[in-house]
Amino acid sequence: FRSSQKPVKNRRRLCTGLKAKDGVVPRSVVVLQGGEQKQRYCTDTDVLFRQESFFHWAFGVTEADCYGAIDVDSGKSFLFVPKLPESYATWMGEIYPKEHFKAKYAVDEVHYTCDIVSVLSNLKPATLLTLRGQNTDSGSICREASFEGISGEPVSHLLFLLCVCSRLTKTDMELEVLRYTNRISSEAHKMVRSFRHYCYNKGGMRHTSYTCICGTGNNSSVLHYGHAGAPNDKTIMDGDMCLFDMGGEYYCYSSDITCSFPANGKFTPDQRAIYEAVLKSSRAVMAAIRPGVKWTDMHRLADQVHLEELVKIGILKGSVDDMLKVHLGSVFMPHGLGHLLGIDVHDVGGYPEGVDRIDEPGLRSLRMGRLVQERMVLTVEPGIYFINHLLDQALANSAQSCFIDNQVLARFRGFGGVRIEDDIAVTADGMELLTCVPRTVEEIEAFMAEPAKPFSPIVSAKS
Ligand SMILES: [Mn+2]
């Protein structure tokens, strides 16, 4: 990336927004703290570093242990980097001068972190604006910048709201990186077993966006399979459905893609029926997305298509409208339709302050409750799963069990699940599909029948 493409624009958006806000006094200075290099437990082995997301958004800095400041009135930016000991040059490599970082990150001034107090006091700030607020996905509070000698009472919540709001919609540069993460991750999905190798080797991606979820057979109904207690270690059996949810990360920007397919390359009639039901809801949602639609309505649309298709398959019987009233859709899709995507895989800002999640099965798991806006990047990830304990609960509930044909359902116990997850960018009149993998049953079967192809070349995007 050229330095002009660094997040200069994000800092400018931030200053403009702050100046327009009540309660921001003249001579306010934003102070952000970057991520710290941590070690594995009590050892001296470094944990692979990944920059803190807000800091990355504002400064684009890949090094650890930095601070940044922005003078809101002038827009002037300051980067503080650690002053490294001489021994660093022996063990870690060249120690760069401050000018190196000034050019690399297109900031106005670079200083050492040990000088942060004197540099900031020379600005004679009326207020320091720091970042503090709650992430609506995790419930965690982001860590406020702090350093020895910080003076006065920093104002924190204001900056958080503004940063979150600005991160909701993406700049041209951000969209370009997200297109890249999707192009590489899409190709890597086609390599399946060498997914991570492809991301690293062909895409220059040091991280994946999250722990790969690779469930097969019944495990494909475990929504977040692949954790330490279930480390993607089941032997794949002939006839299994596979559900592989994997995304590469580049320059701290995420991708989040799921492919579901039969392990042996050929769908059984039941596998095809469930797969095509999910594909139908995915494409119905994509056809409906445009600025101004409610994301909760998109979730409901997916539920409705699933129920209609489950009636056709024979698992359900009766009126779909009545099924919706008892939230039957959430038995088969207990998670939300999709979420914001950006520097974080569950990107910030899903719910504005004062708007709570809708307290209904399924919808309460939806990570975004806003109207869809141009330049938002979202995942569309409907799924149908056969999760034994949810099926048993529904069968024990007479309001729901009256719609279920248990004899047909019994055939699907142990089936696992199907999720189809694509990433999209919202445009002025619709959406741009960022993900490009085989999606129809025919495409998947044809792709899996082909002998191993050489890696397809990565064509760089037009500038
Ligand atoms: Mn996702």
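Counting convention: from 1, in listed order, for ligands and their atoms alike.
The aromatic rings of His189 and Phe195 sit perpendicular, their planes meeting at an angle over 60°, well past the 30° parallel limit. Aromatic ring pairs are classed by plane angle as parallel below 30°, tilted from 30° to 60° and perpendicular above 60°; the pair Tyr225 and His227 is perpendicular.
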Task: Verdict with supporting geometry, Tyr210 and His346, ring pair (Phe, Tyr, Trp, His ring centres under 6.0 Å) - done: CA-CA 10 Å; Tyr210 50 94; His346 298 150; 7.9 Å; no

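In this structure Ser77 satisfies the side chain to side chain donor-acceptor pair (under 3.5 Å) test together with Asp108, sequence neighbours excluded. Remark: Tyr385 pairs with His335, Arg419 by the side chain to side chain donor-acceptor pair (under 3.5 Å) rule, at least two apart or across chains. Scored by the side chain to side chain donor-acceptor pair (under 3.5 Å) test, Asp172 finds Arg375 as partners (sequence neighbours excluded).
Each protein N, O or S atom less than 2.8 Å from the Mn ion (ligand 1) was counted, giving 4.
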